[in-house]
Amino acid sequence: TSKDIFMAAAEGDKFADSIVDKVSEYLGLATANISNILNPDSVVIGGGVSAAGEFLLDGVRNVFADNSFPQIKESTQIVLATRGNDAGVLGAASLLLK
């Protein structure tokens, strides 16, 4: 499972590390591309990916910084969801209420 991979990477497993690096690369690149188009205040990473915590987020932030426009890099925060798997539903509901 992804949890096992992140745990193994945290313990220094080189193969697990390479997987985490690749996931960080893809997620950071996707986040940068979307942010370059939409210019959000923040990007919230939720769901199962957020369970990796800061271990994954550091890599995502580095790739994001390398691939986003300078003003986007400065203005957009990348954070972990604090509501777990409910983050998307709560965000959609808040938009409907506005």
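The structure displayed is predicted, hence computed values, not measured ones.
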Once you round to the nearest 0.5 Å, how far does [atom1] of [X] lie from [atom2] of [Y]?
X	Y	atom1	atom2	value
Asp66	Glu25	CG	CD	10.5 Å
Ser24	Phe64	OG	CZ	14.5 Å
Ile72	Leu38	CD1	CG	9.0 Å

* **Side chains of Thr1 and Asp4, donor plus acceptor under 3.5 Å** =>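 Yes, a side-chain donor-acceptor pair sits under 3.5 Å.
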* To do: Heavy atoms only: give me the nearest Phe69-Asn36 pair and the separation to one decimal.
  =>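 Taking Phe69 first and Asn36 second, the nearest heavy atoms are N-OD1, 2.9 Å.
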* Closest non-hydrogen atom pair between Ala9 and Ala16, with its separation ->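 Closest heavy-atom pair between Ala9 and Ala16: N-CB, 3.5 Å.
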* Mind checking salt bridge (charged side-chain N to carboxylate O under 4.0 Å, His left out) for Glu54 and listing every partner two or more places apart, or none if nothing turns up? =>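 Partners of Glu54 by the salt bridge (charged side-chain N to carboxylate O under 4.0 Å, His left out) criterion, ordered by chain and then number, come out as Arg61.
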Do [X] and [Y] come within less than 4.5 Å of each other through their side chains, counting heavy atoms only?
X	Y	answer
Asn39	Ser75	yes
Ser35	Ser68	no
Thr76	Val43	yes
Leu57	Ile45	yes

* To do: Please assess Phe15 against Ile5 for the test side chain to side chain contact (heavy atoms under 4.5 Å, CB included), listing each intermediate value before the final yes or no.
  => CA-CA 9 Å; Phe15 180 67; Ile5 289 175; over 6 Å; no
* Please check if atom CD in Gln71 has more than 12 non-hydrogen atoms from other residues, nucleotides or ligands closer than 6.0 Å. =>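 Count over threshold, so yes.
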* Counting only heavy atoms not in Asp41, do more than 12 sit closer than 6.0 Å to its CG atom? ->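 Atom CG in Asp41 is not packed in, count stays at 12 or less.
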* Set of residues satisfying side-chain hydrogen bond (donor to acceptor under 3.5 Å, both in side chains) with respect to Ser42, sequence neighbours excluded ->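 Counting only residues at least two positions away or on another chain, Ser42 forms no side-chain hydrogen bond (donor to acceptor under 3.5 Å, both in side chains).
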* Validate the cation-pi geometry between Lys22 and Tyr26: distance from NZ or CZ to the six-membered ring centre under 6.0 Å, angle to the ring axis within 45°. =>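 Yes, Lys22 sits over the ring of Tyr26.
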Would you say [X] and [Y] are hydrophobically clustered, going by side-chain heavy atoms of ILVMFWY under 4.5 Å?
X	Y	result
Leu56	Val63	no
Leu27	Leu29	no
Ile19	Met7	no

* Please test Thr31 against Ile78 for side chain to side chain contact (heavy atoms under 4.5 Å, CB included), starting from the C-alpha separation and ending with a verdict. => CA-CA 9 Å; Thr31 304; Ile78 301 177; 3.9 Å; yes
